[in-house]
Amino acid sequence: MNMRGVRVNSMKRLLSPIIVVTVLAVSLTPVLAQTGSTAALTGRVSDPTGAVIPGVTVTVTSLATNQSRTAVTAEDGVYRVPLLDPGSY
């Protein structure tokens with residue numbers, strides 16, 4: 001075997017584990033991203049004139065489980081209730 005054949009075999013041995021690790025990393029990323037199915041509820045509280053109202057407590061209740069979660073509106077009247085189980089509220 002000549003020197004060129006030795007270099008090709010060395011490259012193959014080096015690239016094979018790199019390719020395997022790369023394929024595994026790319027294929028596992030979507031699986032790890034799917035940790036569960038949750039939803040978020042976001043809205044804005046305003047008065048009849050359209051002015052936003054900060055500091056309002058908003059209660060969100062699941063119709064299926066009757067469990068409630070609360071959030072308080074921010075300075076711009078926006079509230080967000082994250083990590084809710086999918087369903088009707």
Chemist: Ala51: what forms a side-chain contact (heavy atoms from CB on, under 4.5 Å) with it, not counting sequence neighbours?
Modeler: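 With sequence neighbours excluded, Ala51 shows a side-chain contact (heavy atoms from CB on, under 4.5 Å) to Asp47, Thr49, given in chain and number order.
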Chemist: For the hydrophobic clusters of this structure (ILVMFWY residues joined by side-chain heavy atoms under 4.5 Å, transitively), does one cluster hold both Tyr79 and Val52?
Modeler: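 Unlinked, Tyr79 and Val52 end up in two clusters.
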Chemist: Cluster question for you: counting only ILVMFWY and a side-chain heavy-atom cut-off of under 4.5 Å, with indirect links fine, are Val60 and Ile53 together?
Modeler: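 Yes, it is one cluster - the side chains of Val60 and Ile53 are joined through contacts under 4.5 Å.
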Chemist: Nearest heavy-atom pair of Thr38 and Pro86: which atoms, and what distance?
Modeler: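 The pair with the smallest heavy-atom distance is CA-CD, 4.4 Å.
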Chemist: Side chains of Arg44 and Asp76: closer than 4.5 Å at any heavy-atom pair?
Modeler: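 They are in side-chain contact.
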Chemist: Does the side chain of Thr59 come within less than 4.5 Å of Arg69's, by heavy atoms?
Modeler: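 No; the side chains remain at least 4.5 Å from each other.
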Chemist: Check the pair Val58 / Val45 against side-chain contact (heavy atoms from CB on, under 4.5 Å), numbers first and verdict last.
Modeler: CA-CA 9 Å; Val58 176; Val45 177; 4.0 Å; yes
Chemist: What distance do Ser62 atom OG and Leu84 atom CG have between them, rounded to the nearest 0.5 Å?
Modeler: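 That separation rounds to 8.5 Å.
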Chemist: Closest approach of Pro82 and Ala40, non-hydrogen atoms and distance?
Modeler: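 Shortest heavy-atom separation between Pro82 and Ala40 comes out as CA-CB, 3.9 Å.
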Chemist: List the steps and the verdict of side chain to side chain donor-acceptor pair (under 3.5 Å) for Thr57 and Thr70.
Modeler: CA-CA 7 Å; Thr57 299; Thr70 61; over 6 Å; no
Chemist: Quick check: do Val78 and Thr73 have side-chain heavy atoms less than 4.5 Å from each other?
Modeler: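 No, side chains not in contact.
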